[in-house]
> 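Here you go, one structure.
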Amino acid sequence: MKHYISVLTLMAFFAGGCTGLLTGGREDQTAPAIKSAEAKKLLEDHRYPESVAAFQKIAEEYPNSDWAANSIYNIATACVSVENPRKDYAQALIHFEEFLNRYPQHERAADARNWRQAIKVSLDLKKENERLLKNIEKLKQLDMRQEQKRLGR
């Protein structure tokens, strides 16, 4: 009986040390899953800079994985989130481009292309609005000068 307990103890010890072999490496998926859940929680709590940093770290630590793909996508969407007071469309565009370059066949690629297009349109409209505002300001100045000439000033 004593010998039987020693054998069981040794088996349990070695099995615990070889968990990765026995589980097919599933514990390797635990770390990024936990990190991803933490990053998503930060995003849900509207802690955008911290969330982006957490997702960036995941993308760096697991570069050729679905974890990295989802992290880059989440970084891009965090940059344009409605609740984000520091929206950055240019940064979002960079991250959507990176996502599409690295993961063109990903299940979120179509969404990323749509986001990319919408952001490009938005940025183009912003530039056009800025140009129009400058023109309006120039026209105001011209109108004021014309009015001063008319009044003899």
Side-chain angles (χ1 to χ4, degrees), residues 12-150 153:
F13 175 77
F14 284 114
C18 301
T19 306
L21 296 173
L22 296 175
T23 62
R26 274 182 264 147
E27 81 286 345
D28 292 339
Q29 296 301 309
T30 302
I34 291 169
K35 291 176 183 181
S36 182
E38 290 169 351
K40 286 177 185 175
K41 177 70 173 133
L42 290 168
L43 190 60
E44 290 169 6
D45 292 343
H46 309 293
R47 295 173 59 192
Y48 297 100
E50 296 98 328
S51 176
V52 167
F55 281 125
Q56 189 66 48
K57 189 170 182 180
I58 293 167
E60 291 169 3
E61 290 178 0
Y62 308 95
N64 297 317
S65 70
D66 204 41
W67 298 108
N70 288 322
S71 291
I72 294 167
Y73 184 88
N74 286 327
I75 290 168
T77 57
C79 290
V80 294
S81 175
V82 173
E83 290 93 15
N84 187 346
R86 298 183 195 147
K87 286 178 205 52
D88 190 336
Y89 293 102
Q91 278 299 309
L93 185 59
I94 290 168
H95 292 293
F96 279 122
E97 291 285 352
E98 177 186 4
F99 175 83
L100 289 167
N101 287 334
R102 289 176 63 180
Y103 311 102
Q105 302 303 316
H106 193 274
E107 64 187 22
R108 290 181 161 175
D111 290 338
R113 280 189 287 277
N114 290 337
W115 271 109
R116 179 181 61 185
Q117 185 60 32
I119 291 169
K120 283 181 178 182
V121 167
S122 178
L123 290 173
D124 288 346
L125 288 172
K126 182 179 178 186
K127 284 180 188 176
E128 181 65 13
N129 284 342
E130 289 169 357
R131 187 186 68 76
L132 290 171
L133 285 173
K134 284 180 185 178
N135 286 341
I136 290 170
E137 192 57 40
K138 286 179 185 178
L139 288 171
K140 278 184 187 178
Q141 295 298 321
L142 180 62
D143 188 48
M144 288 172 59
R145 284 194 302 263
Q146 290 293 358
E147 187 64 19
Q148 287 176 350
K149 279 184 186 179
R150 189 183 70 76
R153 294 183 193 167

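All residue numbers refer to positions in the sequence shown, counting from 1.
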> Is the shortest distance from a Lys or Arg side-chain nitrogen in D45 or K41 to a carboxylate oxygen in the other one below 4.0 Å?
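Judged by the 4.0 Å cut-off on N to carboxylate O distance, D45 and K41 do form a salt bridge.
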> What are the two closest non-hydrogen atoms of A68 and R102, and how far apart are they?
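Closest approach of A68 to R102: CB-NH2, 4.4 Å.
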> Search all heavy atoms of H95 against all heavy atoms of I72 and return the closest pair with its distance.
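Between these two residues, the closest heavy atoms are O-CG2, 3.4 Å.
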> For R113 and F96, what are the C-alpha separation, side-chain angles and deciding distance, and is it a side chain to side chain contact (heavy atoms under 4.5 Å, CB included)?
CA-CA 8 Å; R113 280 189 287 277; F96 279 122; over 6 Å; no
> Taking the side chain as every heavy atom from C-beta outward, state whether K140 and I136 have any atom pair closer than 4.5 Å.
yes
> Between H46 and N84, is there a side-chain heavy-atom distance shorter than 4.5 Å?
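With C-beta onward as the side chain, the pair stays apart.
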> Tell me if the CZ atom of R131 is crowded by more than 12 foreign heavy atoms within 6.0 Å.
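Yes, the 6.0 Å shell around CZ holds more than 12 heavy atoms from other groups.
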> Hey, could you give me the OG1/CG distance between T77 and N74, rounded to the nearest 0.5 Å?
5.0 Å
> Would you check, one step at a time, whether the test side chain to side chain contact (heavy atoms under 4.5 Å, CB included) holds for K120 with L123?
CA-CA 5 Å; K120 283 181 178 182; L123 290 173; 5.9 Å; no
> Could you grab the distance from atom CG of L93 to atom CD of E98, nearest 0.5 Å is fine?
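Rounded to the nearest 0.5 Å, the CG-CD separation comes to 12.0 Å.
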> So, taking the atom named CD1 in I119 and the one named CG in N114, what distance separates them when rounded to the nearest 0.5 Å?
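The CG atom of N114 is 11.0 Å from CD1 of I119, to the nearest 0.5 Å.
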> So, S51 side chain and R47 main chain: donor-acceptor pair closer than 3.5 Å or not?
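No; judged by distance alone, with no hydrogens or angles, the pair does not exist.
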> Where is the tightest heavy-atom contact between A92 and A76, given as atom of each residue plus distance?
CB-O, 3.5 Å
> Does the side chain of K35 reach to within under 4.5 Å of the side chain of S71, using non-hydrogen atoms?
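Side chain of K35 against side chain of S71, heavy atoms only: no contact under 4.5 Å found.
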> Inspect the contact between K134 and E137 and indicate whether a charged nitrogen and a carboxylate oxygen are less than 4.0 angstrom apart.
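The answer is no: the pair does not qualify as a salt bridge.
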> Taking D143 for the side chain and L139 for the main chain, is one N or O donor matched with an acceptor at less than 3.5 Å?
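Judged by distance alone, no pair lies under 3.5 Å.
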> With side chain to side chain contact (heavy atoms under 4.5 Å, CB included) as the test, would you mind laying out the steps for K126 and Y89 before giving the verdict?
CA-CA 11 Å; K126 182 179 178 186; Y89 293 102; over 6 Å; no
> Look up atom CD1 in I58 and atom CD in E38, then write down how far apart they are to the nearest 0.5 Å.
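So the CD1 of I58 and the CD of E38 are separated by 8.0 Å.
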> Working to the nearest 0.5 Å, report the span between CG of L42 and CZ of F55.
8.0 Å
> Quick test of your reading of the model: are E130 and K127 salt-bridged, counting only N-O distances below 4.0 Å?
no
> If you take all heavy atoms of W67 and A33, which pair is closest and at what distance?
CH2-CA, 3.4 Å
> From F99 CZ over to D111 CG, what is the distance, rounded to the nearest 0.5 angstrom?
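One finds 8.5 Å between CZ of F99 and CG of D111.
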> Between Y103 and H106, what is the ring plane arrangement, given parallel below 30°, perpendicular above 60°, and tilted in between?
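Rings of Y103 and H106: perpendicular, as their planes differ by over 60°.
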